[in-house]
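Please read the structure below before turning to the comments.
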Amino acid sequence: MSATRARPGKAALYEQLAADGIAYMFGNPGTVEQGFLDEAARSELDYLLTLHEGVAVGMADGYARAARRPGLVQLHSGVGLGNGIGMLYQAKRGGSPLVVLVGEAGVRYDAMDGQMAVDLAAMARPVSKHVLRALDPGSVLRLLRRAVKIAMTPPRGPVVLILPADVLDQVTTEPAVPTSIPDTRVVPAPESVRQAAHILRSGRRVLIIMGDGIAASDAQPQLQAVAERLGAQVWGANSSEFNFDAAHPNYGGQLGHMFGADSARVVREADSVLVVGTYVFPEVFPLLENPFRDDARIVHIDLDAYEIAKNFPVELGVVADPRLTLEAIRGELDRVLPPPAAPPAAQVAPARSGAADEPLLDRFVRTLAERAPAELALFDEALTASGPLAAHLPPRSAGRFFQTRGGSLGVGIPGALGVKLARPDLPVVAFTGDGGSMYTIQALWTAARYGIDAKFVICNNRRYRLLDFNIEQYWRELGIAPHARPEAFDLSRPAIDFAALSASLGVPGRRVERPEQVGDAIDTLLQHQGPYVIDLAVD
C-alpha cells in the first residue's frame, strides 16, 4: 500500500472514523482534547455535546445496542473518565461495543505530575475490555482500528484508547482503511452437537437459561425451536434485550438480579439444563453453593469461554455461536426424536379496561400499550415498574426492547436517546425512576439541543423504592423486625418538579397524578414532535 499524504494525527483520526462508518461522537470537551475536537468541524462526523460524561457514555451505550455498531465516546482526561466510570461499568457488564477516546495532556509531561495527571490506564482497566495508549503518531490509526476490532469481537465490550495531545499534533502518513472484524460465527464439532442433544433430551424436566448472547447472535428463532422441541421452560439471566418471546407459553420469566435464592427456586428441580448466551448467575448476592441438582446435566454454550463453568461445573461447555449451535442441535433433535407437535400459540392477554382501583402506573402502561404504534421501542430503567411493563408491553420482537443492566442507575434517558439516534424510524419511549433520572437528567438538554425525538416517563414515587424492597428482604433473612426505612432512601424533601425541571432544560412535560389525566397525557406524549417528559406519580 502506498504512503498516504502527511497530516496531523488529530486530522487522520477522523479519516479513520469515516472509513469505519462511525457517524456520532458523544462527549464533553476539555482543554487537552481541544486540538482534535477543533478538527471535528472539517469532518462528516456529528459531535453530540453532553453536560456530563455519564450522559455521553449512556448515549453511546444505547446507540451501540440498537445500531449494533461501535458507540464512540470522548472523555476529558482523568476527571472525565472518572465521571464516566459508572456507565462504563454497565457497558462492560452488558457487552456494549464502545470505543472511548480519553484525552491526555501529552507524553512529554509524564514526569511532571501536573494538573489532572493520573494513571488513566489503571483507572480504565477495571471497567473496560481493553485499554490502549498511543505513544507514536505513526500508530494512532492502527490503535484506533485495534480498539474498534476488540470492542466488536465477542465477547464485546468497551475499549479505552488514551490519546496524548502531543502525539495527535504530530504528523502521520498512516492510511485510513476499514477495520477488519473477525468472524466468530463458528459451529461446534458434530460430536459435540450430538452430545449436547443427547444430554438435553435425556431430561424429564428440561430448563433453558438464556441471556443477551441470543440477541447478539440473532438466535431467537433457533432458541424458540429448541425450547419447543424439548418442551423446556425458558428463563432469562442477564437478559436485557429481546431474546425470547415473552408471550410464548414456554417463557418462564426473568431470574432475580439481586438474590441467589430466587434463581435457586427456579433451577433446583431441572435435571437437564441448557445455559446459552449468558452467565450464571448475575445476582448481587448469589448463592455460594451450587443451586442445581447434584445429578443435573448441564450444557453451556457461549462465545465467551470465561463464562462457561465459571462458578459451577457443567457436563459440556461449548465455545461457539449460539445461533449456529442451536440450529445444529435442533437438527440433531429432529433426527432422533419423533416428529414435533404443532408449536403452541402465544399467550397474549387481551387489552381491557382497568378496575376502579387499578394503580395509576398500571393504567398508564396499559393505555400506552393500547394507543402506541405497533413498532414502539421501549427502554426500561424503572425496575420497580417492570411488572406492569412486562404485563402490557412484553418484548416480542428484536430491536425494540432494552433494559438497564450492570446495576448502575441513570442509563434510561441517555440510553433511549442513543436508541433513537440508531433507529430514527422507531418511536422510542423510556421508563425511568425519579432517583435514576436524576443521575443523568442533563441528557434532556442534549435531547432538546439536537431535537432527538424520544419520550420519557419518570415514575415518581419520591423514593429509591427498590432499596425499600431490598432492605425488607435483608431484614427477613437476618430476623430483624421491620422498622422505619433509612432516611437516605427518601427523595421527597424537597420534592422534585420534573415538569418544571425538564422545561428548564428545553424539554416540555407535564405531571400526571390522576387516572382521568392518563389518556390525554399519552396522546400528547405520542403526538408531540420532539422530546417530551411525563412526571408520573406512582405509589
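Any value given below was found using the heavy atoms of this structure, including those in side chains, with hydrogens, waters and symmetry copies removed.
For the 3.5 Å distance criterion, the side chains of Asp302 and Thr278 fail to qualify, holding no donor opposite an acceptor. Remark: the Arg93 side chain and the Tyr279 side chain contain an N/O donor-acceptor pair separated by less than 3.5 Å. Under 3.5 Å, the side chains of His76 and Glu33 contain a donor-acceptor pair of N or O atoms. A donor and an acceptor atom, one from each side chain of Asn28 and Thr50, are nowhere located under 3.5 Å apart. Side-chain contact of Thr404 with Gln90: a donor-acceptor pair under 3.5 Å is present, judged by distance alone. Side-chain atoms of Tyr47 and Gln74 form a donor-acceptor pair, as typed in the model, at a separation below 3.5 Å. Using a 3.5 Å distance cut-off with no hydrogens or angles, the side chains of Arg145 and Gln16 do pair a donor with an acceptor.
By the 4.5 Å heavy-atom criterion applied to side chains, Pro282 and His257 are not counted as neighbours. The side-chain heavy atoms of Leu98 and Phe26, taken from C-beta on, include no pair separated by under 4.5 Å. Taking 4.5 Å as the limit, some side-chain heavy atom of Leu223 sits within range of a side-chain heavy atom of Phe244. You'll find the side chain of Val234 reaches within 4.5 Å of the side chain of Met210, heavy atoms only. When side chains are defined from C-beta on, Ser96 counts as touching Arg65, because their heavy atoms get closer than 4.5 Å. Taking 4.5 Å as the limit, every side-chain heavy atom of Leu274 sits out of range of all side-chain heavy atoms of Leu207. Proximity of Gln403 to Gln254: side-chain heavy atoms (C-beta onward) are separated by under 4.5 Å at one or more points. Inter-residue side-chain proximity for Ile214 and Gln220 is flagged as met; some heavy-atom pair is nearer than 4.5 Å.
Ion pairing between Asp212 and Arg156 fails under the 4.0 Å rule for side-chain N and carboxylate O. A salt bridge links Arg133 to Glu104: one of the charged nitrogens lies within less than 4.0 Å of a carboxylate oxygen. Of the charged side-chain nitrogens involved, none lies within less than 4.0 Å of a carboxylate oxygen, so that Arg297 and Asp271 do not count as a salt-bridged pair.
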Criterion salt bridge (Lys or Arg N to Asp or Glu O under 4.0 Å) on Glu332 and Arg229, from CA distance to verdict: CA-CA 11 Å; Glu332 180 64 16; Arg229 205 71 178 88; over 6 Å; no
side-chain contact (heavy atoms from CB on, under 4.5 Å) evaluation trace for Val419 with Leu417: CA-CA 5 Å; Val419 170; Leu417 294 176; over 6 Å; no
Worked verdict on Val167 versus Val107 for side-chain contact (heavy atoms from CB on, under 4.5 Å): CA-CA 7 Å; Val167 173; Val107 175; 3.8 Å; yes
Salt bridge (Lys or Arg N to Asp or Glu O under 4.0 Å) between Arg405 and Glu241, intermediate numbers included: CA-CA 10 Å; Arg405 54 194 185 184; Glu241 297 186 3; 3.6 Å; yes
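Scanning both residues, Ala121 and Ile162, for their nearest heavy atoms gives N-CD1, 3.6 Å. The minimum heavy-atom distance linking Leu45 with Leu72 is given by the pair CD1-CD2, 3.9 Å. For the pair Asp321 and Thr325, the tightest heavy-atom approach, listed with the atom from each and the gap, is O-OG1, 2.7 Å. Residue Leu120 comes nearest to Leu81 through the heavy atom pair O-CD2, 3.7 Å, listed as atom of the first residue, atom of the second, then distance. Considering all non-hydrogen atoms of both residues, Ser263 and Leu255 come closest at OG-CB, 3.7 Å.
In this view, Lys420 satisfies the salt bridge (charged side-chain N to carboxylate O under 4.0 Å, His left out) rule with no residue, not counting sequence neighbours. Listed by chain and residue number, Phe242, Ala246, Phe401 satisfy the side-chain contact (heavy atoms from CB on, under 4.5 Å) test with Pro395 (two or more places apart in sequence, or in another chain).
If you look at Phe431 and Phe379, their ring centroids are not closer than 6.0 Å.
Glu191 CD: more than 12 foreign heavy atoms inside a 6.0 Å radius. Counting non-hydrogen atoms of other residues, nucleotides and ligands closer than 6.0 Å to CG of Asp294 gives a total of 12 or fewer.
The only member of Arg68, Arg323, Arg185 that meets side-chain hydrogen bond (donor to acceptor under 3.5 Å, both in side chains) when paired with Asp218 is Arg68. The side chain to side chain contact (heavy atoms under 4.5 Å, CB included) test with Val276 singles out one residue from Val318, Ile208, Asn243, and that residue is Ile208.
Sorted by first then second residue, the ring-ring contact (aromatic ring centres under 6.0 Å, His included) pairs that include residues 283-340, not counting sequence neighbours, are Phe259-Phe285, Phe281-Phe292.
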